[in-house]
A.B. asks: 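One structure, pasted below without further comment.
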Amino acid sequence: MKLSRLHLSNFKCLADVVFEFGNLNLLAGGNGCGKSSVIHSLLLLRQSFEQLGNVDYLLTYGKYINLGAAGDIFYEHAGKEEDISYNLTNEKGDEVKLFYQYVPESRMLSCRVPYEGDLSVFNIWGDAFEYLSADRIGPQTVYSSIGQGNCLGIHGENAFNFLEKHGASWKVENAFWDETQNEYLLYHVNRWLGKIFQGFNVKLSQISEADAVSLRYTEKARDMVSSPHRAVNVGFGITYVLPILVSLLKARKGDFIILENPEAHLHPRAQRIIGELLAQTAATGAQIVVETHSDHILNGIRISVKERNISPEEVKMFFFMKEDVGNKYNVNIYSPQMDGEGNIDIWPEGFFDEWDNALARLF
């Protein structure tokens, strides 16, 4: 079930914060203000569960992220007797409380109080979890075809193998269908890729003797299809965005997806289209947490709300602002609300307002 609420204490720069989550959750704000800290806190829960089968311990190193010892992630103004604590609630009201004892040099923090609750009713510990970091794999001539199951890899390194193996058999949610009624992943990846980069299509082929997958692109015009081009010979952003497209289009209701900077290496129109795809995926029932610096991503989501492709109640925005209070910096988190026309009720200073600031100086 969907994670509906997270209460987090004493984690990195976050002293005591509460997030009311929806299907699509946008983390925005300046660099070093705590957006990544929220993502890191969720990744620690996931990697601890995957490695141990429970959350009796919080592992600061593992499959998804390495953050050092407890002293590197403990809120520096907290009392030494305090804990790093989580309180999670799902959409049905089920709750799990976790209190991890602070031991500065430890990389494996024990849960001080035995937790109660069923982890299996939270999607963050469910079977379908995907995390794509901001540092994704770039264009190469070939990619490994040694399988990682349905996981795309934190750098998206398995996205090409997954698409080659399952593109013609993996059925997407019918909300993605167009007038062709085509159900399959590869078709829809190419359809969205063509929206973002006019005419581009993916061509993948297995090189079995090398345990590799070859990636090529063709370009379609009205009366012509180009010869296949190597990925290294086309724009960087085309390959960089492919794992994002695959992760969103293969998603099912109840999946939990974390994406960092999906706008990287994309021009403004492409970023806006990614915002629309994020909204369409969230509307199918998948839950997405996305960190972004892109006002174009935001506008794509706003357009999707206005065009009734997703309800405003399913979109949650969190704006992180660091404020100097004298003896320390305090992180404040604002939650602007969106109405059914895509309008946003408050615009804190720094919340996607740089375009207006620049125009004011120009004119």
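Counting from 1, the numbers follow the sequence of the chain as shown. Since the structure is predicted, the reported quantities are computational estimates derived from the model, not experimental observations. Hydrogens, waters and symmetry mates are skipped; everything else that's a heavy atom, side chains included, is used.
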A.B. asks: Between CG of Leu3 and CG of Asn23, what distance do you get to the nearest 0.5 Å?
C.D. replies: 11.5 Å
A.B. asks: Quick one: OG1 on Thr218 to CG on Asn201, what's the gap to the nearest 0.5 Å?
C.D. replies: 4.5 Å
A.B. asks: Within a 6.0 Å radius of atom CD on Glu341, are there more than 12 heavy atoms belonging to other residues, nucleotides or ligands?
C.D. replies: yes
A.B. asks: Spell out, as yes or no, whether a donor-acceptor pair under 3.5 Å connects the side chain of Gln287 to the backbone of Gly22.
C.D. replies: yes
A.B. asks: Does Val234 belong to the same Ile/Leu/Val/Met/Phe/Trp/Tyr cluster as Ile137, with side-chain heavy atoms less than 4.5 Å apart forming each link?
C.D. replies: yes
A.B. asks: Do Ile84 and Val96 land in one hydrophobic cluster if side-chain heavy atoms of ILVMFWY residues count as linked below 4.5 Å?
C.D. replies: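 Ile84 and Val96: one cluster.
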A.B. asks: Between Val315 and Ile310, does the side chain to side chain contact (heavy atoms under 4.5 Å, CB included) criterion hold? Intermediate values first, please.
C.D. replies: CA-CA 8 Å; Val315 178; Ile310 187 172; 4.0 Å; yes
A.B. asks: Check the pair Ser144 / Glu157 against side chain to side chain donor-acceptor pair (under 3.5 Å), numbers first and verdict last.
C.D. replies: CA-CA 8 Å; Ser144 173; Glu157 64 273 17; over 6 Å; no
A.B. asks: Do Thr141 and Arg216 have side chains that approach each other closer than 4.5 Å (heavy atoms only, starting at C-beta)?
C.D. replies: yes
A.B. asks: Carefully, step by step, assess Lys195 and Glu276 under the rule salt bridge (charged side-chain N to carboxylate O under 4.0 Å, His left out).
C.D. replies: CA-CA 11 Å; Lys195 287 183 180 183; Glu276 293 178 15; 5.9 Å; no
A.B. asks: With a cut-off of 6.0 Å (strictly less than), are more than 12 heavy atoms of other residues, nucleotides or ligands near CD of Gln181?
C.D. replies: yes
A.B. asks: Could you tell me whether a side-chain N or O of Ser4 sits under 3.5 Å from a main-chain N or O of Thr89, the two making a donor and an acceptor?
C.D. replies: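 Yes, the answer is positive, given that a donor and an acceptor are paired below the 3.5 Å cut-off.
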A.B. asks: Any link between Leu27 and Leu14 through a network of hydrophobic side chains (Ile, Leu, Val, Met, Phe, Trp, Tyr) touching at under 4.5 Å?
C.D. replies: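 Yes.
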A.B. asks: Of the non-hydrogen atoms in Ala70 and Leu109, which two are nearest, and what is the gap between them?
C.D. replies: CB-CD1, 3.7 Å
A.B. asks: Do Trp170 side-chain atoms and Lys250 backbone N/O form a donor-acceptor pair below 3.5 Å?
C.D. replies: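 Indeed, once roles are kept as given, a pair shorter than 3.5 Å links the two residues.
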A.B. asks: Answer yes or no: does atom NZ of Lys2 have more than 12 heavy-atom neighbours from other residues, nucleotides or ligands under 6.0 Å?
C.D. replies: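 Yes.
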A.B. asks: Do the rings of Tyr86 and Tyr100 sit parallel, tilted or perpendicular, given the 30° and 60° boundaries?
C.D. replies: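 If you compare the ring of Tyr86 with that of Tyr100, the planes turn out perpendicular.
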A.B. asks: Quick check: closest heavy atoms across Asn261 and Ala134, and the distance to 0.1 Å?
C.D. replies: OD1-CB, 3.5 Å
A.B. asks: Output, in order, the C-alpha distance, side-chain angles, deciding distance and verdict of side chain to side chain contact (heavy atoms under 4.5 Å, CB included) for Lys316 and Phe19.
C.D. replies: CA-CA 9 Å; Lys316 302 295 182 182; Phe19 300 92; over 6 Å; no
A.B. asks: Hey, is the main chain of Val202 close enough, under 3.5 Å, to the side chain of Asn190 for a donor-acceptor pair?
C.D. replies: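 Yes.
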A.B. asks: For the residue pair Ile207 and Ser214, what are the closest heavy atoms and their distance?
C.D. replies: CD1-CB, 3.9 Å
A.B. asks: Examine distances only and state if a side-chain atom of Lys35 and a backbone atom of Phe320 form a donor-acceptor pair shorter than 3.5 Å.
C.D. replies: no
A.B. asks: Spell out, as yes or no, whether a donor-acceptor pair under 3.5 Å connects the side chain of Ser247 to the backbone of Ile244.
C.D. replies: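 A pair under 3.5 Å: yes.
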A.B. asks: With a 4.5 Å cut-off on side-chain heavy atoms, are Tyr131 and Gln47 touching?
C.D. replies: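 Contact flag for Gln47/Tyr131 side chains = no.
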A.B. asks: Should the heavy atoms of other residues, nucleotides or ligands under 6.0 Å from CG of Asn343 be counted, would the total exceed 12?
C.D. replies: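 More than 12 within 6.0 Å, yes.
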A.B. asks: How about Arg46 and Ile258: do any of their side-chain heavy atoms sit closer than 4.5 Å?
C.D. replies: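 They are not in contact (no side-chain heavy atoms under 4.5 Å apart), so the answer is no.
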A.B. asks: Could you check Met321 against Tyr334 for side chain to side chain contact (heavy atoms under 4.5 Å, CB included), going step by step and ending with a plain yes or no?
C.D. replies: CA-CA 8 Å; Met321 181 182 291; Tyr334 299 90; 4.2 Å; yes
A.B. asks: Can you tell me how far the CG atom of Asn31 sits from the NE2 atom of His293, to the nearest 0.5 Å?
C.D. replies: 5.0 Å
A.B. asks: For the residue pair Gln140 and Leu215, establish whether any side-chain heavy-atom pair is separated by less than 4.5 Å.
C.D. replies: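 A side-chain contact is absent here, since even the closest heavy-atom pair is not under 4.5 Å.
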A.B. asks: Parallel under 30°, tilted from 30 to 60°, perpendicular over 60°: which one fits the rings of Tyr75 and His77?
C.D. replies: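 Geometry flag for His77 against Tyr75: perpendicular rings.
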A.B. asks: For Val121, is there any backbone N or O sitting under 3.5 Å from a side-chain donor or acceptor partner on Asn90?
C.D. replies: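 At least one qualifying donor-acceptor pair exists.
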A.B. asks: Regarding Ser294 and Gln271, is there a side-chain donor-to-acceptor distance under 3.5 Å anywhere?
C.D. replies: yes
A.B. asks: Tell me the closest heavy-atom pair linking Ile288 and Leu259, and the distance in Å.
C.D. replies: CG2-CD1, 4.4 Å
A.B. asks: Side chains of Ile297 and Leu26: closer than 4.5 Å at any heavy-atom pair?
C.D. replies: yes
A.B. asks: Provide the closest heavy-atom pair for Ala69 versus Arg107 in the form atom of the first, atom of the second, distance.
C.D. replies: CA-CG, 4.0 Å
A.B. asks: Are Ser133 and Asp135 close enough that a side-chain donor and a side-chain acceptor fall under 3.5 Å?
C.D. replies: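 There is no such pair (donor and acceptor under 3.5 Å, judged by atom type) between the side chains of Ser133 and Asp135.
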A.B. asks: Using a 6.0 Å cut-off, check whether atom NZ of Lys306 has over 12 heavy atoms from anything other than its own residue.
C.D. replies: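 It does not: Lys306 NZ has 12 such atoms or fewer within range.
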A.B. asks: About how many Å separate OH of Tyr102 and CD of Glu82, when rounded to the nearest 0.5 Å?
C.D. replies: 11.5 Å
A.B. asks: Has the side chain of Asp255 got a donor or acceptor atom that lies under 3.5 Å from a matching backbone atom of Arg252?
C.D. replies: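 Yes, the answer is positive, given that a donor and an acceptor are paired below the 3.5 Å cut-off.
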A.B. asks: I'd like to know whether Asp178 forms a side chain to side chain donor-acceptor pair (under 3.5 Å) with Thr180, so could you lay out the CA-CA distance, the side-chain angles of the two residues, the decisive distance to 0.1 Å, and finally the verdict.
C.D. replies: CA-CA 5 Å; Asp178 61 8; Thr180 69; 2.5 Å; yes
A.B. asks: Taking Gly62's backbone N and O only, do any of them form a donor-acceptor pair with Asn66's side chain (distance below 3.5 Å, no angle check)?
C.D. replies: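 Looks like yes, one N/O pair under 3.5 Å.
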A.B. asks: Indicate yes or no: at least one non-hydrogen side-chain atom of Met338 is less than 4.5 angstrom from one of Pro336.
C.D. replies: no
A.B. asks: Check whether Glu314 reaches the backbone of Ala283 with its side chain - one donor and one acceptor, N or O, closer than 3.5 Å.
C.D. replies: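 No; judged by distance alone, with no hydrogens or angles, the pair does not exist.
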A.B. asks: Do the side chains of Phe99 and Leu88 join up, straight or via other hydrophobic residues, at under 4.5 Å, putting them in one cluster?
C.D. replies: no
A.B. asks: Any side-chain heavy atom of Leu277 within less than 4.5 Å of one from Ile196?
C.D. replies: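 In short, these two side chains do not touch, never coming nearer than 4.5 Å.
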A.B. asks: Determine whether the aromatic ring centres of residues Phe129 and Tyr64 are separated by less than 6.0 angstrom.
C.D. replies: yes
A.B. asks: What class does the angle between the rings of Tyr143 and Phe160 fall in, given that below 30° is parallel, 30 to 60° is tilted and above 60° is perpendicular?
C.D. replies: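 Parallel, since the angle between the ring planes stays under 30°.
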A.B. asks: I need the Phe11 CZ to His40 NE2 distance, nearest 0.5 Å.
C.D. replies: 7.5 Å
A.B. asks: Quick one about Ser145 and Gln206 (side-chain donor to acceptor, distance below 3.5 Å, no hydrogens or angles considered), yes or no?
C.D. replies: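 A donor-acceptor contact under 3.5 Å links the two side chains.
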A.B. asks: Mind telling me whether Tyr240 and Phe236 have parallel, tilted or perpendicular rings, with 30° and 60° as the class edges?
C.D. replies: tilted
A.B. asks: Please report the interatomic distance CD(Glu263) to CG(Leu278), rounded to the nearest 0.5 Å.
C.D. replies: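 One finds 9.5 Å between CD of Glu263 and CG of Leu278.
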A.B. asks: Following the transitive rule for hydrophobic clusters with a side-chain heavy-atom cut-off under 4.5 Å over Ile, Leu, Val, Met, Phe, Trp and Tyr, establish whether Ile154 and Leu248 coincide in one cluster.
C.D. replies: no
A.B. asks: Evaluate Asp118 against Ser120 for side chain to side chain donor-acceptor pair (under 3.5 Å), listing each step before the verdict.
C.D. replies: CA-CA 5 Å; Asp118 183 0; Ser120 69; 2.7 Å; yes
A.B. asks: Stepwise, does the side chain to side chain contact (heavy atoms under 4.5 Å, CB included) test hold for Met317 with Ser335?
C.D. replies: CA-CA 5 Å; Met317 296 172 288; Ser335 298; over 6 Å; no
A.B. asks: Would you indicate whether the side-chain heavy atoms of Ile274 and Val241 approach each other to under 4.5 Å?
C.D. replies: yes
